[in-house]
Structures are given as structure tokens and as C-alpha cells.
Amino acid sequence: MYKILTVVGARPHFVKAKMVSEAIARSVQLTEVLLHTGQHYDHALSGAFFEELELPTPQYNLEIGSGRQAWQLGQMILGIDQVIEQEKPDMVIVYGDTNSTAAGAIAAAKNDIPLAHIEAGLREFNKGIPEEVNKLLTDAIADLYFCPTPTGVRNLEMAGITRGVYLVGDVGIDLVSHYLPHIEANLEVLKRFGLQAGQYHLMTCHRASNTNQPEPLRAILEAIAALDYPVLFPIHPRTRQAIASFQLEHLLQKPHIAATGPLGFLDTQSLLRHARMAITDSGGIIKEAYFHRVPAIIIDRQTEWLETVAEGWHQVTGPHTQKILQAIATFIAPATHSNFLGDGHAAEKIARIIESYWLC
Ligand code: UD1
């Protein structure tokens, strides 16, 4: 048996880990120890996902919590290092691009433990983005790279990384595909917010670049305030704090805007699938919107999911009121859809490749 230490810590990890953890559990050669860094600790961002997705309770929770980026990273590395010393895993798995990802990667490399990066190779080519630094660090020291898209493989190639690279598809899409009948049928959640299928916009906003200063956040909120269309806005705690401290609450006091707290995975997917359009800076929502064939206005300055823009499903506006309003008013969905995110079986492929790692 080979022991895998999986490091999770933030909301998108729980979604990505679900299908991979299940594939590992089905393997007769692999066993998994789950470590939660505690980067996300609010029930709505963490515990709710474990309950809804029936994820196993992590054997370790470091309860690191929020703080300055470098402090948070350092605390996580120390905590993960101790668990590695105790558990002596054969491999460490990390997901995506958060601080928990980079911490798991550095702790694994410093203990000379093989490292698998799931959602490898994505780039925004801007080191000012905290997530970009995490991606660069993790991909510089991984041993197995599981890329969700051909673009991921190409980006790694450009960085001189060709060994251990596998194009498997997106593990988040595995999960959405798995729950699709439920997601499609669940109109209850629309009713809860008084929404009609195809007749509202789903908005999310939490990127540091959009929430650390008042100007971008004000520009985004002014755009949705000016819409004459219903908008549902589940608000990340970071954004909630920013709205309060920049005194922007009045921009949400409009009859067409329904603001609420963070929502669970399945409710979010149903709301997204039935939306007319998404307005978002979340990488997860961007790719899920593409899967559901829902147009999206990307209120970030760039995206790592280039294909969704190239195919015409999504448009990047950045946090600019007029650009956002114009994109929403003029958007026409394309007729073609390439399914570039894979076939919904990425997790199974990952488990098989990990099993064969020690045979090489
Ligand atoms: C993190 C990831 C981001 C991911 C997002 C998903 C990094 C650098 N960013 O961003 O890539 O898309 O998770 O949600 O790792 N907070 C709470 N409760 C919590 C967690 C956070 O209130 O449970 C608040 C705190 O004020 C905290 C702030 O949100 O300071 C930011 O949290 P942090 O974990 O640093 O980054 P996210 O914005 O959540």
C-alpha cells in the first residue's frame, strides 16, 4: 500500500478533492490521509462542503486561519512538515493555486516526498496575483503534473517541464458531471430567491485585486446596480468585509439585487446552470459556467481559462463599469462548444497514473 497525504484548505479544494479521494479509496494499492490546513474555517466555506459532498473528516486540521500571506504560508508549511514527519507518506497531493497548495508543495519537496499537482500548468502571466505565485512555486517542484487542459500542458512545456506531465481533464468537471441530474432538476433554490430560469444573472467576486482597494469593487458594484435585470450575489466573507469598510453597501440596496452569504456546491451549480449569464472573477465559476453553456462576463483583468474566451463563451472586461454593462448588453452566445475541460473521468485517470508511479 502506498500512503498519499492530500493537502486541502480552501473551498475550491474540497470540490476538487471529492472525486479524486473516492478514486483513491477504490484503489487497492493506495490509501489516503487527509490534511486540512484551516485556511478556510467558516462553516459556509468549509464544513458545509464536507457535509454536502460527504467528504471524510480530515485526520488533521491545522486550524491556521487567516492572516498576512507570508505568515499564513509559513504556518502552514510548519504544520504540514510535522504531519509529514509523523505519517511518512509516499506522495503528497495538492490542488490548484491557493496558499495551502504552495505550502503543501514546499513541505513535500523539503522532505523529499514525491509531489502531485492537480490542476497543474495554468497561468495568468502576472506575478502580482497571489495565486500565480502559488502556481509557479508548485509547478517548479512537482513530480507529477495533472493538467486539466492542453493549455496547461503547453504552459509547462514553455517552462521546460515535460516529464511527469499528464493531460487528464478537470476534476471539478468530474464532480459537476456526477451530480448533473440533481443540478438540472433542483429548481427549489431558484424559487428560494424568487428567480426564474434563464432570467437572472449570477454574480461572484472575491479576487484580491477586486477587493483589496475600493475602486475596482465600486466599479463592479456600480455596474450591477445599473442593470435592469435580477442579480443574485452570494458574497464571500472577504468581499463582505471590503464592502463594509469601503462603505459601498448602498450599491447593493436595489430591488433587482439579491445579496446573500456563500452558498453550497449543489445550489451554486443549479443557480449557475439556470442563469442567463454569470458575472464573476472566480476560476471555478468560469469553467463551470462553460460546462453548463452559460455565458460569463469575467470581471477580472485576465483569466487562466483562455479557451472559454477564445471560443466566445466568455468575455474579459476587468473591473470597469461601462465595459461590464456593454458586454452584458451585447453578448451573443456562440453555437460551438468544444468540451475542452475533459470527459468527466479525470479522477479515475489520476488514480491509475499515481498507482503506476512507483513502477517506473
Ligand atoms: C482563497 C484563495 C483563492 C480561492 C479562494 C476561494 C489564496 C491566495 N487565495 O481566497 O485562490 O479562489 O480562496 O474562496 O489562497 N475569510 C473568512 N472566513 C474564512 C476564510 C477567509 O472570513 O473561512 C476572510 C478573512 O477575512 C480572510 C479573507 O477572507 O482574511 C481572505 O481569505 P484567504 O483564505 O486569504 O483568501 P480567499 O480570498 O478566501
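Both ligands and their constituent atoms are indexed starting at 1 by order of listing. Excluded from the calculations below are hydrogen atoms, water molecules and symmetry mates; all remaining heavy atoms, backbone and side chain alike, are included.
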**Student:** For atom 21 (C) of ligand 1, which candidate among A102, S66, S100 holds the nearest heavy atom?
**Tutor:** S66
**Student:** How close does the nearest protein non-hydrogen atom get to atom 8 (C) of ligand 1, and which residue and atom is it?
**Tutor:** N99 OD1, 3.4 Å
**Student:** Among protein heavy atoms, which sits nearest to atom 22 (O) of ligand 1, and what does the distance come to when rounded to 0.1 Å?
**Tutor:** P237 CB, 3.1 Å
**Student:** Can you tell me which portion of P12 lies within the under-4.0 Å heavy-atom range of ligand 1? Options are side chain, backbone, both, or neither.
**Tutor:**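 Under 4.0 Å from ligand 1, P12 contributes side-chain atoms alone.
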**Student:** Could you please spell out the steps behind the side-chain hydrogen bond (donor to acceptor under 3.5 Å, both in side chains) verdict for E307 and Y290?
**Tutor:** CA-CA 10 Å; E307 297 87 342; Y290 176 85; over 6 Å; no
**Student:** Where does H40 meet ligand 1, judged by heavy-atom distances below 4.0 Å: at the side chain, the backbone, both, or neither?
**Tutor:**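 For H40, the contact with ligand 1 is made by both the backbone and the side chain.
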**Student:** Which ligand 1 atoms does D97 reach within 4.0 Å, using its non-hydrogen atoms?
**Tutor:** 11 (O)
**Student:** Kindly say whether G284 contributes a backbone atom to a donor-acceptor pair with the side chain of W305 at under 3.5 angstrom?
**Tutor:** no
**Student:** With a cut-off of 6.0 Å (strictly less than), are more than 12 heavy atoms of other residues, nucleotides or ligands near NZ of K110?
**Tutor:**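 At most 12 heavy atoms, drawn from other residues, nucleotides or ligands, come within 6.0 Å of this atom.
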**Student:** Any N or O of H206 that comes nearer than 3.5 Å to an N or O of ligand 1?
**Tutor:**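 Between H206 and ligand 1 (N or O atoms, distance only) the closest approach is under 3.5 Å.
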**Student:** Looking only at protein heavy atoms, which one is nearest to atom 18 (N) of ligand 1, and how far off is it?
**Tutor:**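 The answer is D42 OD2, 3.0 Å.
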**Student:** Starting from atom 33 (P) of ligand 1, locate the nearest protein heavy atom and write down its residue, its atom name and how far away it is, to 0.1 Å.
**Tutor:**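 Heavy-atom neighbour on the protein nearest atom 33 (P) of ligand 1: Q39 NE2, 3.9 Å.
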**Student:** Below a 4.0 angstrom heavy-atom separation, can you tell me which part of T211, side chain or backbone, both or neither, approaches ligand 1?
**Tutor:** neither
**Student:** Are R273 and E288 close enough for a salt bridge, meaning some N to O gap below 4.0 Å?
**Tutor:**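 Salt bridge: no.
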**Student:** Which residue supplies the protein heavy atom nearest to atom 16 (N) of ligand 1, what is that atom called, and how far is it?
**Tutor:**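 Sorting protein heavy atoms by distance from atom 16 (N) of ligand 1 puts Y41 OH, 3.5 Å first.
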**Student:** Counting non-hydrogen protein atoms only, what is the nearest one to atom 9 (N) of ligand 1? Give residue, atom name and distance.
**Tutor:**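 So the nearest neighbour among protein heavy atoms is E131 OE2, 3.3 Å.
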**Student:** Has Y200 got a side-chain atom pairing as donor or acceptor with A197's backbone, closer than 3.5 angstrom?
**Tutor:**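 Answer holds: no.
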**Student:** Which atoms from ligand 1 have a heavy atom of R11 less than 4.0 Å away?
**Tutor:** 14 (O)
**Student:** Would you check the N or O atoms of Q241, main chain and side chain alike, for any that come under 3.5 Å of an N or O of ligand 1?
**Tutor:** yes
**Student:** Taking the six-membered ring for Trp, is the centroid-to-centroid distance between H117 and Y145 below 6.0 Å?
**Tutor:**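 Centroid distance H117-Y145: not below 6.0 Å, so no.
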**Student:** Just let me know how R207 lines up against ligand 1, side chain, backbone, both or neither, with a heavy-atom cut-off below 4.0 Å.
**Tutor:** neither
**Student:** Report yes or no: does H13 contribute a side-chain atom to a donor-acceptor pair with the main-chain N or O of Y95 at less than 3.5 Å?
**Tutor:** yes
**Student:** Would you check the N or O atoms of N134, main chain and side chain alike, for any that come under 3.5 Å of an N or O of ligand 1?
**Tutor:**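 No, N134 has no N/O under 3.5 Å of an N/O on ligand 1.
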**Student:** Decide if the gap between the ring center of F14 and the ring center of H40 is smaller than 6.0 angstrom.
**Tutor:**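 Centroid distance F14-H40: not below 6.0 Å, so no.
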**Student:** May I have the step-by-step check of side-chain hydrogen bond (donor to acceptor under 3.5 Å, both in side chains) for D281 and N210, ending in yes or no?
**Tutor:** CA-CA 8 Å; D281 60 8; N210 280 338; 3.0 Å; yes
**Student:** Give the atom numbers and elements of ligand 1 that come within less than 4.0 Å of a heavy atom of L45.
**Tutor:** 19 (C), 20 (C), 23 (O)
**Student:** Quick one: does T98 get an N or O within less than 3.5 Å of an N or O on ligand 1?
**Tutor:** no
**Student:** Short question: side chain of T211, backbone of R207 - any donor-acceptor pair under 3.5 Å?
**Tutor:** yes
**Student:** Tell me which one of H274, E184, Q269 satisfies side-chain hydrogen bond (donor to acceptor under 3.5 Å, both in side chains) with H292.
**Tutor:**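 Single side-chain hydrogen bond (donor to acceptor under 3.5 Å, both in side chains) partner of H292 among H274, E184, Q269: Q269.
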**Student:** Check the surroundings of atom CD in Q196: do more than 12 heavy atoms from other residues, nucleotides or ligands lie under 6.0 Å from it?
**Tutor:** no
**Student:** Which atoms of ligand 1 have any heavy atom of R238 under 4.0 Å away?
**Tutor:** 28 (C), 29 (O), 31 (C), 36 (O), 37 (P), 38 (O)
